[in-house]
Number of protein chains: 2
Amino acid sequence: MSAAAHLDEIDRILLRELQRDGRASYTALAEATGLSAPAVRQRVQRLRDEGVVQIVGVTDPMALGLPVMALIGVRTDADVHAVADRIGELSGVIYVVLTSGSFDLFVEVVCEKPAELLKILNDHVKRVPGVTRAEAFTYFGIHTHRFAWPGT
Amino acid sequence: MSAAAHLDEIDRILLRELQRDGRASYTALAEATGLSAPAVRQRVQRLRDEGVVQIVGVTDPMALGLPVMALIGVRTDADVHAVADRIGELSGVIYVVLTSGSFDLFVEVVCEKPAELLKILNDHVKRVPGVTRAEAFTYFGIHTHRFAWPGT
DNA sequence: GGTGAAAGCTAATAGGG
DNA sequence: CCCTATTAGCTTTCACC
């Protein structure tokens, strides 16, 4: 799912095109790469199977009626993976990363109302065993969200 | 792009299906909703045009040779939008959010080597006019990344 | 891994309720 | 807004390299 991969130039072209349009046809991808449609299909399938790329609909939380978003910085003195497992299962949690620095993990949360965020923070995140601190950074908005990365 | 939307039950079904598989055929989406294929196609196009959903290839940074990831918390005494504009243009920056709390914005960065992160942090982020503090939280890894959200 | 051609589906448009 | 019908184009398989 996240092992080092051996991507050649054609894989990178495919990834770049898919980052721009996840529904690009195999025919269009074939044109972009110079390969045949069956060949690109096989490659795209391999890239998806290997977890190199996920082709998904990324939704706008506002439009979905989830205007309250926050990053929550979490500190723990217990096993960080175990804590991440527990937090990752909470409703509203969409992203959990393990970090170094003054927080051990960051959690991204989306919800309908401020009261829900408070509940997630106080009744759920802070009550996970081993959590010693949880600080919420409420979003005023997403400024930049880029899918086309350097190296592609 | 992020205005409140009027999504009905069918839109939510479409979004849920696309969150699971961004390349789901209109035929499959038609089955899931009970509508005809042209009708779902029109809706999906509308949802994409309105920015409710972006169908994109989300790549694994590790696989792409970008194993160094970090969240950078930034504090500024200048206009936060202007600072976010500047930071959002930096190479390696894939996500910028405006927040409340002890940081004014968070920046997600991906790069090839630790030295690059240091450079982004010291030579670029910290040198943006108005930035008074920038603290990097280096990732040990992404634990959870969910696209299927509550409410869909 | 890749190709080319054939078969079956799907996407996209048009016309109408 | 949705449906049916149509056609062009796409996806997918297969035999082969």
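Throughout, a chain's letter reflects where its sequence line sits, starting with A, and its residues are numbered from 1. Predicted, not measured: the structure shown is a model, and the values here were computed from it.
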Whole angstrom is fine here: how far is it from [atom1] in [X] over to [atom2] in [N]?
| X | N | atom1 | atom2 | result |
| --- | --- | --- | --- | --- |
| A/Glu50 | C/dG1 | CD | P | 10 Å |
| A/Arg46 | C/dG1 | CZ | C1' | 10 Å |
| B/Glu9 | D/dC2 | CD | P | 14 Å |
| A/Leu47 | C/dG1 | CG | P | 12 Å |
| B/Ile10 | D/dC1 | CD1 | P | 11 Å |
| A/Leu14 | C/dG2 | CG | C1' | 14 Å |

- Kindly determine whether A/Arg12 and A/Glu9 satisfy salt bridge (Lys or Arg N to Asp or Glu O under 4.0 Å), including the steps that lead there. CA-CA 5 Å; A/Arg12 290 182 187 278; A/Glu9 197 48 45; 5.0 Å; no
- More than 12 heavy atoms of other groups within 6.0 Å of A/Arg46 CZ: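 Count over threshold, so yes.
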- Query: Does A/Leu118 reach the side chain of A/Asp123, with side-chain heavy atoms less than 4.5 Å apart?
  - Reply: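 No, their side chains stay 4.5 Å or more apart.
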- Stretch residues 19-33 of chain B: residues that reach within less than 4.0 Å of DNA chain C through a heavy atom: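 Of all residues in residues 19-33 of chain B, the ones placing a heavy atom under 4.0 Å from DNA chain C are B/Ser25, B/Tyr26, B/Thr27.
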- Got a sec? Which of residues 34-43 of chain A come in under 4.0 Å of DNA chain C, heavy atoms?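 Nucleic-acid contacts, sorted: A/Leu35, A/Ser36, A/Pro38, A/Ala39, A/Arg43.
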Identify all side-chain donor-acceptor contacts of residues 103-116 of chain B below 3.5 Å with residues at least two apart in sequence or on another chain.
from     : atom 1 : to      : atom 2 : distance (Å)
B/Asp104 : OD1    : B/Arg75 : NH1    : 3.3
B/Asp104 : OD2    : B/Thr76 : N      : 2.9
B/Glu108 : OE2    : A/Tyr95 : OH     : 2.9

- State plainly whether one hydrophobic cluster holds both A/Trp149 and B/Ile120, where clusters connect Ile, Leu, Val, Met, Phe, Trp and Tyr through side-chain heavy atoms under 4.5 angstrom apart.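 No.
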Minimum heavy-atom distance between [X] and [Y], given as atom pair plus value:
| X | Y | value |
| --- | --- | --- |
| A/Arg23 | B/Arg48 | CD-NH1, 3.6 Å |
| A/Asp11 | A/Arg43 | OD1-NH1, 2.9 Å |
| B/Ile87 | B/Val93 | O-CG2, 3.5 Å |

